[in-house]
Amino acid sequence: MELFDLRGKVAIVTGGNGGIGLGIARGLAQAGADIAVAGRNADKTREAVDQLTSLGVRAVGLQADVTDAGQVQQMVDATIEALGGVDILIANAGMSIRKAPETYSLDEWTTVITTNLTGVFACCHAVHPSMKARGGGKIVTIGSMTSIFGLDMAAPYTATKGGVMQLTKSLASAWARDNIQVNCILPGWIDTDLTVGARRALPRLQESVVERTPAKRWGRPEDLAGAAIFLCSAASDFITGTALPVDGGFSSSMF
Ligand code: NDP
């Protein structure tokens, strides 16, 4: 058994059509996994599938909104149908609405919570029966530095990311008996569409992230690939319920 080999494994990556999700999907594909890319934007998904296929694995694109439990179940069923099972879930899809806490409508609050927290639970819940039946699996959730720190312009987002980290621990504890390891990756500031929006809203963000991060740079989507391969492979079979920062040192440094 090669510790980091994912050949013969099937991974679902929600939000795998761009940003961090695609960076992770490419990493898992390079380690040999077949990939189901799930997202709402069909054009982005098609391009991602082309990229993954060119790495020599099987890849399928699935239309799925993680806020809709029916679509989440169809995503799992379609993956099993197309690729033969589910061994790995990367519960990555997420979004933010940025504003001062007192200005959120309850609808805006609910949109963020439903996508980032309920959506993660829905995906984990939907893959559990097939992983259990297969004798095990690997789930990686995506937290954030806001799983640890507050952020004034992102109160619901920080609430979801703290929640995702705690949910990860509970699922890890419950599903260890099914040989399903559940771990959380906490990315630092990564250059993606999501943070392009944040940089537009906060003009000093670009420089302050570089200053505040010991590695003195923004992360790139491919920076997440190594941690994801590790947490999806046999190399991490006795590791569950952890939260692993991939942040250039951001969370270990006061300044
Ligand atoms: P992007 O905006 O680039 O990607 C978000 C992805 O999520 C898209 O592929 C999008 O696909 C998908 N998505 C959003 N909403 C839904 C939905 N309702 N159903 C299905 N898919 C959805 O952002 P990032 O790559 O930066 O973010 C990925 C994850 O990483 C998020 O959970 C984010 O919170 C987290 N993160 C990001 C950080 C960063 O600095 N960039 C730092 C810490 C955490 P589509 O539009 O096709 O639906």
Side-chain angles (χ1 to χ4, degrees), residues 11-25 35-42 44-45 48 60-80 86 88-98 104-131 137-147 151 154-172 174-175 180 182-187 190 192-195 197-198 221 224 228 231-232 243:
I12 297 176
V13 185
T14 69
N17 59 12
I20 288 175
L22 183 54
I24 290 177
I35 313 282
V37 172
R40 295 164 304 175
N41 181 322
K44 269 169 60 189
T45 299
V60 293
L62 304 172
Q63 191 75 22
D65 185 328
V66 298
T67 65
D68 180 323
Q71 291 188 33
V72 168
Q73 188 58 54
Q74 279 168 15
M75 167 187 87
V76 174
D77 294 345
T79 302
I80 294 170
V86 185
I88 294 164
L89 167 68
I90 309 291
N92 162 78
M95 48 83 72
S96 188
I97 298 172
R98 291 172 206 90
Y104 284 94
S105 68
L106 277 186
D107 278 351
E108 289 170 328
W109 168 271
T110 305
T111 298
V112 181
I113 303 286
T114 309
T115 307
N116 294 7
L117 183 55
T118 313
V120 168
F121 178 70
C123 293
C124 295
H125 182 263
V127 296
H128 175 258
S130 42
M131 285 187 177
K138 301 277 187 182
I139 297 176
V140 175
T141 60
I142 306 296
S144 155
M145 288 298 101
T146 67
S147 299
L151 188 57
Y157 181 84
T158 63
T160 62
K161 293 300 183 179
V164 162
M165 188 172 69
Q166 291 303 105
L167 172 65
T168 302
K169 295 176 193 171
S170 298
L171 298 182
W175 294 346
I180 299 168
V182 191
N183 290 288
C184 187
I185 290 178
L186 309 181
I190 312 296
T192 68
D193 287 351
L194 187 77
T195 47
L224 283 303
L231 292 175
C232 294

*Spell out, as yes or no, whether a donor-acceptor pair under 3.5 Å connects the side chain of N17 to the backbone of K44.*
no
*Starting at CE of M165, measure out to CG of N183 and round the result to the nearest 0.5 Å.*
12.5 Å
*Does I142 reach the side chain of I24, with side-chain heavy atoms less than 4.5 Å apart?*
yes
*Pairwise side-chain contact, T45 with Q63, heavy-atom cut-off 4.5 Å (strictly under)*: no
*How long is the gap from CD on Q73 to CG on D68, to the nearest 0.5 Å?*
11.5 Å
*Looking at N116 and V120, what are the two nearest heavy atoms and their distance?*
O-CG2, 3.1 Å
_Looking at every heavy atom in both A126 and V72, which two are closest together, and how far apart are they?_
CB-CG1, 3.7 Å
*Taking C-beta and beyond as the side chain, do T111 and P156 meet within less than 4.5 Å on heavy atoms?*
no
*Under a 4.5 Å cut-off applied to non-hydrogen side-chain atoms, are T195 and T192 in contact?*
yes
*Going through the checks in order, is the side chain to side chain contact (heavy atoms under 4.5 Å, CB included) test met by L151 and Y157?*
CA-CA 9 Å; L151 188 57; Y157 181 84; 5.5 Å; no
*side chain to side chain contact (heavy atoms under 4.5 Å, CB included) between H128 and M131, intermediate numbers included*: CA-CA 5 Å; H128 175 258; M131 285 187 177; 5.8 Å; no
_Over all atoms of both residues, closest heavy-atom pair of V66 and T115_ = CG2-O, 3.8 Å
*Measure the shortest side-chain to side-chain distance between C124 and V182 over non-hydrogen atoms and say whether it is less than 4.5 angstrom.*
no
*asked:* If I take atom CG from residue L171 and atom OG1 from residue T141, how far apart are they, to the nearest 0.5 angstrom?
replied: 8.5 Å
*Could you go through the side chain to side chain contact (heavy atoms under 4.5 Å, CB included) check for C184 and V164 one step at a time?*
CA-CA 8 Å; C184 187; V164 162; 4.2 Å; yes
_Assess the residue pair I90 and C232 against the criterion (side chain to side chain contact (heavy atoms under 4.5 Å, CB included)); give the C-alpha distance rounded to whole Å, side-chain angles, the decisive distance to 0.1 Å, and a yes or no._
CA-CA 9 Å; I90 309 291; C232 294; 3.7 Å; yes
*Give, for atom CG of D77 and atom CG of L62, the distance between the pair rounded to the nearest 0.5 Å.*
10.5 Å
*Minimum heavy-atom separation for A64 to A38, with atom names?*
CB-CB, 4.2 Å
*asked:* To the nearest 0.5 Å, what is the distance between CG on L117 and CD on Q166?
replied: 11.0 Å
*Under 3.5 Å, is there a donor-acceptor pair between the D107 and S105 side chains?*
no
_Quick one, V13 and V37 - any side-chain contact, counting heavy atoms below 4.5 Å?_
no
*How many angstroms lie between CD in E108 and CG in L106, if you round to the nearest 0.5 Å?*
9.5 Å
*Looking only at heavy atoms, what is the nearest atom pair of T14 and C123, with distance?*
CG2-SG, 3.9 Å
*How close do L194 and R98 get, heavy atom to heavy atom, and via which atoms?*
O-NH2, 2.8 Å
